[in-house]
Structure formats: structure tokens, C-alpha cells
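This report refers to the structure that appears directly beneath it.
Letters A, B, ... mirror the listed sequences (proteins, then strands); counts begin at 1.
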Protein chains: 2
Amino acid sequence: MPADHLNGRREVTVSDVAAAAKVSKATAARVLGGYGAASEAVRDRVQAAAEELGYRPNALAKTMTTGRSNSIGIIVGDIENPFFAQATRGAADVAKAAGYDLILLNSDEHADAEENAVSVLLAKRVDGILVAPASTTDPSTLRAAVERGRPLVLFDRIADGLDVDAVVADNRAGARRLTDLLLEAGHRRVAFVSTIVHEGDYRVGDRLGSSSVGDRVTGFVEALEVAGIPDPARFVRLNARRDGVDAIVRGLVDEGITAIVASDSLIAQAAFRTLRELGIPIPTAVSLVAFDDADWTSLSAPAITVMAQPIHEIGAEAARLLIRRIAGDGSPHENVVLPQRLIERESIAPPPD
Amino acid sequence: MPADHLNGRREVTVSDVAAAAKVSKATAARVLGGYGAASEAVRDRVQAAAEELGYRPNALAKTMTTGRSNSIGIIVGDIENPFFAQATRGAADVAKAAGYDLILLNSDEHADAEENAVSVLLAKRVDGILVAPASTTDPSTLRAAVERGRPLVLFDRIADGLDVDAVVADNRAGARRLTDLLLEAGHRRVAFVSTIVHEGDYRVGDRLGSSSVGDRVTGFVEALEVAGIPDPARFVRLNARRDGVDAIVRGLVDEGITAIVASDSLIAQAAFRTLRELGIPIPTAVSLVAFDDADWTSLSAPAITVMAQPIHEIGAEAARLLIRRIAGDGSPHENVVLPQRLIERESIAPPPD
DNA sequence: AAACGCGCTGAGACCGGTCTCAATCTACGC
DNA sequence: GCGTAGATTGAGACCGGTCTCAGCGCGTTT
């Protein structure tokens, strides 16, 4: 007994409506589907029958023949992360306006979960996929989609060697600017902290797992280089998830660092907490800046100077691009780079003497 | 040309694999679908052919015959709202473990968007629906799903007259406790602020659009009544979205209110900002408490005393319940009520003399 | 040796739509 | 009055799976 959840009530189909309206299945399908032509009288009769029987179209059957599912898949690291939640909302709004729905999958930034997500989406015949790739350097997990010709648009980070569209923020410029602010305030010992996984100490030129973090590191290093600070790479601290932001911040303080650039607001939050626990005042003892205008950054004391990203727009633009591709736009793949915006608050001060 | 996005490459089907393996379509389907029996030799040949051709099952076709889509719909107010993001994650994890995916829809707490969302989900033949109903008092938008016998589980709020399962937090007890805390500190003039839409001034017994807010108001009023404060209803301020939290808070301050219970963390945030702008110190001049342990509440100065909800668990439990229903559990509908947890911080002080 | 059971396989219907194509009907032009 | 374009309708194939049922080969039972 297929398709009848509980009570034996089978879903009413076009055939049922057709029978009730005394027309052929084809005709009923035409008026119900709104595609062919039908006389006024027949149209009314069919519509009345449909109403009467409580007809609801089966979108899956439609997809079977048309090949279009009107749904797009979105793979995020973690929907609980405000960044992804906002980007998802941006994408959802654009998608909805164009008649698409979203199938949401969390990858937890894990390659196998991502690969599995792609499989699922391909099986469900989504019209296209939006994904914040777990790995910039090894996007093999996404290859299945590309090979099958399914439109794919990346957001937040790019993927090496994958010829697809991407929408990212200008992280390099943002990091540069944020770091410059610290430098201008007189800091010479400023650290960059990220949770990204990386083998061994960071060295200039190393390719990181996420292009957005990679670009931030690059911007950070550039700023230090321009300021004439020797060996900037030593100030880059990765693997904060493994080692703990808390431990890293404590280490940094011991080393006499006077300012910290947090790679995202979650790290900034942890750093803020640690500094407070340590009784180290921000910004008088240590300055702190971060990416993303998370709500707490304007509520904390002191409020945090941040580089805001157009998160909503990143998701929206990625969706727009994807929908264009689904519609058949065959122009060369684009790499959309959106500007970030500095919000200066109270977390920067000159370094203590 | 159905189902061939771009390049003429058609998807490979069971028939293709069958032909390549020189067996019938039925046999190929059996080994690929893993249901019937097949000899060792045939199994290997089919699998090899599938591998060779790059066969990917079409989940939709499967759904057509089995009637099971392995996807469940989730309708939230706004995925950008941390509450919904967390609940969604909780649901997603449980769903994934059971082999289901999530189709996400935002209702913006709007009846017509919600109705539309239900339509879409029904059309896509989801196996069940999770929804935070936009309206507790008029859940007619959800009736379509219930009538069709699609399993439906509500979360965060219940719906009047709808015989379905629901998972909510114990808002009444939570509000009671939060208010008692204020009362115990000596407050007599404490207000409750919510964004919920309500016609005219609140009067005891009024049924609100959201049962969770309704329960909070009830708990709040009870606490005041027990404390012997006359006409508690006058301290309930609704419609904060329309009127602006800012304006309401200013009005409250003018009226000499000494403590505020914010119905959610977004309201608390706005109230916090307004009080700060007004130069009114928390908690010495006005005490402030709220629902939800949003990240900023522990980072702000002062940190906010909150009633935390098991948000993740609300989503997870709702998903568990839904999956049980999908599996055919026909036991009476449940109303799961999860306890809230008080987190005392620094935003309560005795009222100023 | 006939009957039976069982494992394996294939033919073909079915799910609920869309779509092509042919048949029929109508109305218009000359 | 007749030919024909155009509108309307119906029959049936098709999408890609699942599933029922019958047929076949072969070892076992009696």
C-alpha cells in the first residue's frame, strides 16, 4: 500500500480528478498543471472536481518527467553557527522568490559528511547545490556533482581546481585593514588566531584548508610585512580547536603579545572570556579585533572592533548565481568577491609600555 | 530532454546497468536496491557494471513506488534566529541518524507563508513535518497536513484544537521562577515585555498567539499575584515589534518600573541597548532578566540572568517523536514538556529606594 | 520416477505526473 | 459550399525505480 500514511486514504491523483470531471487524464493534467489549452467549460469542471476531491499535485511525479525538482541543496558547516544561519537565510529568500526550496545538510566541516551530503542531494535530484566546502585544498568530495553537470556554487570559500562559481568576501583586504588598525595604534606583537587544522607551524605560502582563513592569514601577514615586522608567520596560531583557544590565548599573553586578531567571532568570544578570566583588561593590556559583527560584539564591555561581512548577501548572491546556472547560463564561471566593512568600536588601544 | 542538465549526458539507470550486466532490469534493481535475492555471480556482475557506468540511484523514483521520501519538512519562524537555528540542528542530527533529510522553510511567523510551506512540503511528499506554528490560536494553516494524515509534530508552541504531538519548554514555571527572583530581590514594579501581536491591552486570561509567550505571561502574572501585587496584567507589555522595544522600555522607565522580564533574548538585547543609551545602570537602577542563554548574555556587562531552554533538545525530541509517528506509532498524541534551567548572573539587584 | 520445494531470474504492471501525436470539431476565407 | 487553420481533446508512451508473479533448474522426498 504505497503512499497512504495511516488511514487507507490514498492521495487523489490527476486520474481521479479526470474521472470525476469526465475528461481524459491528459486534459485534467493540462488544466491542473496549467500548461496546455482547455476550454472554459472543461477548465471549470476540472477545477471544481479537483477542489471537491481535495487534489494536491505530486511534485515528485512532476520531477520524474520534467527533470526539474525545484529544490536546491545547501551544505553548511553547522547551521547553528550564526554565519551559516544568516547565509542560509539569504539563500532561502532568493530561492523562495524563484520557486525553489532548500534541502539543508550540515557537514561539520568533515569531508566524508560532505561527500555523503552531495550523494544524498544528487539522489534527490536537486537542481543545484550551494556549498561552503569543508576543504579548499581537497574538494574531491564535490567532484561527483560537477561531473554530473549539476550546477554547483561555492560560498564563503573557494575550492582549488574546481571550475565552478564562488561567492566570497574580500577577506584578504579585510584582514589587512584590521591588522593595520592595530599596527597604527602602535602594536608590534600582534597574533592571528584560527581554529583551522594545519600540520605544523604556519609558514608563509602554506595553503590552508579554508581559502577564507587562508586569505585572512595572507592579509594579516602582508600588513606585518609592510610594517617591517620580521618573520610575521610566527604570529599566526592555527589549530585552536585542537589546542583550545583558551590555551593559545594564555600562551600568547605569556609571550607578551599585545593584540589579537580573531579569525571569527566564535574565537573572539573564547578569547574575550579567557582574557577576562585572566584579569587582563581589553584594550588597555591587550587589544582584540575580529571578523563578523556578531551581536555580542556590540554588547560586550568593551565593544569589539570588527570586520563585518555581508553574510546575508553572500548567501543571496550565491543563490542568484546558482539559479542562473540552473536556468542554463553557460557563461564562464565567476568568482564574486564582496567587500567587508569595518566597524570601529572600543577594543583597540595603544599597547601598554 | 528530461533530466540532462547541460551536456547531453543522461543519468544512468537500472536498465542501463541491467543491459551492461546482461541481466533483466528486475534483477539489476534487486541487487542495486539490496532487496531481493541474487546469486553471487550476478551480484558481482551487476555491481561491477554499476560501478563502471557510475550508477546513482534516483531517490525520487524510489519514492514514487514506495511512498516514502526519507525527507521531513521543518518550518521555522526564521532560521537566522538562534533559537530556530539550534532547534533545527537538534532535529537535523536526529533525522540524519535515522536516514532523513530536512527541507527547511521560513514562515516569518506569517500565516500565509506557513500555509504555503505546508503546501510545498505536502507536494514534495515529505514523510512528516516539524513546525513551530505561527499561531497557537489559529492553526488552520496546518490542518491540510493533519487531514492528509501526514505526521506532524509541533515544537516550541502548541496549537489549539489540533490533535498532534508537541514538544515545548516549561515556560510557565520558568517565567514564574524568573519573576520570583525579581520579587525576592524586593521589586514590586516589574514588567514583562514581548513582541507578540495582541489586540488592545493584555487582560488576565487572554489567549495569546504563541502558547510559549502565553505561558510565560501566565507564569509572570501568577508570580505577581502570589506576591499580592494588584492588577498584574497592567505590567504586561505586548506588541513590542510594532511599537518598538525602545519606546516601550523608555515608557517603562518613565513609569518607574524597576525590573524587566524580557520574553526572549532579542528583546533583552534591545532593552539592554536602550537602557545603556539612556544611561540607566543595570542592575542598580533597573534589573533585567530574560529567556534563552544567548551568547551575549554571558559576555555583556553586567552579564544577564537568564532562563535557559534546552533548545537543541526541543528540536531533537520533536524529530524523534515525528520519526516514531512516521514509523507507524499510533499511540495517543503526546505533549512533551522540557524543563528550563535558571542561570543566575549579575543583572538582578534590589530596586533603588 | 513423480512430486515437491526452493533459489534465482525475467516479464510486465505500477506509482503520478508530462508530453507527443493524432483525431475531432469549429470557424473562417473565398 | 468546401478546404483548411486553429483550438480542443484523448490515447498512450515515458520518467526510473519497486514489486508481484510466473517460469525454470535442480536437489530432495516418498
Side-chain angles (χ1 to χ4, degrees), chain A residues 1-5 8-46 49-50 53-70 122-125 127 148, chain B residues 1-5 8-46 49-50 53-70 122-125 127 148:
Chain A
M1 21 93 269
D4 71 311
H5 267 270
R9 225 178 318 119
R10 196 180 53 88
E11 304 271 353
V12 3
T13 72
V14 209
S15 298
D16 298 332
V17 175
K22 303 198 188 307
V23 296
S24 73
K25 178 182 163 196
T27 299
R30 269 189 288 260
V31 359
L32 260 16
Y35 49 96
S39 68
E40 195 63 22
V42 166
R43 197 190 315 279
D44 290 350
R45 222 162 64 219
V46 171
L53 298 178
Y55 169 76
R56 292 249 171 188
N58 180 333
L60 301 180
K62 182 173 193 163
T63 300
M64 284 292 298
T65 59
T66 61
R68 307 258 341 250
S69 62
N70 288 310
L122 251 22
K124 298 212 166 167
R125 297 296 190 262
D127 292 332
R148 294 200 135 50
Chain B
M1 19 94 266
D4 69 313
H5 268 272
R9 223 180 319 119
R10 199 179 52 88
E11 304 270 352
V12 3
T13 72
V14 210
S15 297
D16 299 331
V17 175
K22 301 196 188 312
V23 295
S24 73
K25 179 184 164 194
T27 300
R30 270 188 286 260
V31 1
L32 261 15
Y35 50 96
S39 69
E40 194 63 24
V42 166
R43 197 191 315 281
D44 291 350
R45 225 164 57 221
V46 171
L53 298 177
Y55 169 77
R56 292 247 171 189
N58 181 333
L60 301 180
K62 183 172 191 162
T63 300
M64 285 291 299
T65 59
T66 61
R68 307 259 340 251
S69 62
N70 286 311
L122 251 22
K124 297 211 166 165
R125 298 296 190 262
D127 292 331
R148 294 202 135 48

Does B:K25 contact C:dG10 through a side-chain donor or acceptor facing the base, at a distance under 3.5 Å?
no

Heavy atoms from C-beta onward define the side chain here; which of C:dG10, D:dC19, D:dG16 lies closest to that of B:T13?
D:dG16

Got a second to check how far B:S69's OG is from B:R125's CZ, nearest 0.5 Å?
10.0 Å

Please state how far atom CG in B:L32 lies from atom P in D:dT18, giving the value in whole angstrom units.
8 Å

Minimum-distance nucleotide (side-chain atoms of A:R30 versus D:dC21, C:dT20, D:dT8)
C:dT20

Given C:dT18, C:dG10, C:dG17, the nucleotide with the shortest approach to the side chain of B:S24
C:dG10

OP1, OP2 of D:dG17 versus side-chain N and O of B:Y55: anything below 4.0 Å?
yes

Between B:V42 and A:S15, the residue closer to the 5' end of DNA chain C by nearest nucleotide is B:V42

Can any side-chain N or O of A:T27 pair as donor or acceptor with the backbone N or O of A:V23 at less than 3.5 Å?
no

Atom-to-atom span, CG of A:N58 to C1' of C:dC14 - whole angstrom
14 Å

Per atom distances to the A:A61 side chain, the nearest of C:dT9, D:dA11, C:dG16 is C:dG16

Using a 3.5 Å distance criterion without hydrogens, assess whether the side chain of B:R43 forms a donor-acceptor pair with backbone atoms of B:A38.
yes

Given D:dT8, D:dA11, D:dG16, which nucleotide is nearest the side-chain atoms of A:S39?
D:dT8

Mind listing the closest non-hydrogen atom pair of B:M64 and A:N58 along with its distance?
SD-ND2, 4.3 Å

Under 4.0 Å between any heavy atoms, over every strand shown, what does B:A38 touch: base, sugar-phosphate, or nothing? Just pick one.
sugar-phosphate

Using atom CZ of B:R45 as one end and atom P of C:dC8 as the other, report the distance to the nearest whole Å.
14 Å

Between C1' on C:dG17 and NZ on A:K62, what's the gap in Å once rounded to a whole number?
9 Å

From the list C:dC15, D:dC14, D:dG10, which nucleotide is the closest neighbour of the side chain of A:T27?
D:dG10

Between the base of C:dG16 and the side chain of A:R56, is there a donor-acceptor distance below 3.5 Å?
no

Between P of C:dG16 and CZ of A:R68, the distance in whole Å
23 Å

What integer distance in Å separates B:L53:CG from D:dG16:P?
14 Å

Checking C:dG17, D:dT18, C:dG16 against the side chain of A:M64 (C-beta onward), the nearest is C:dG16

When all nucleic acid strands are considered with a 4.0 Å heavy-atom cut-off, which category describes A:R43: base, sugar-phosphate, or nothing?
nothing

Rounded to the Å, how far apart are A:D16 CG and C:dC15 P?
10 Å

Within less than 4.0 Å of OP1 or OP2 of D:dC19, is there a side-chain N or O belonging to B:Y35?
no

Checking B:D127 side chain against B:N70 main chain: does a donor-acceptor pair fall under 3.5 Å?
yes

From the options C:dG10, D:dT8, C:dG16, select the nucleotide whose nearest atom is closest to the side chain of B:V23.
C:dG10

I'd like to know if A:E11 and A:R56 make a salt bridge, using a cut-off of under 4.0 Å between side-chain N and carboxylate O.
no

Whole angstroms only, please: what is the CG-P distance between A:L60 and C:dT18?
12 Å

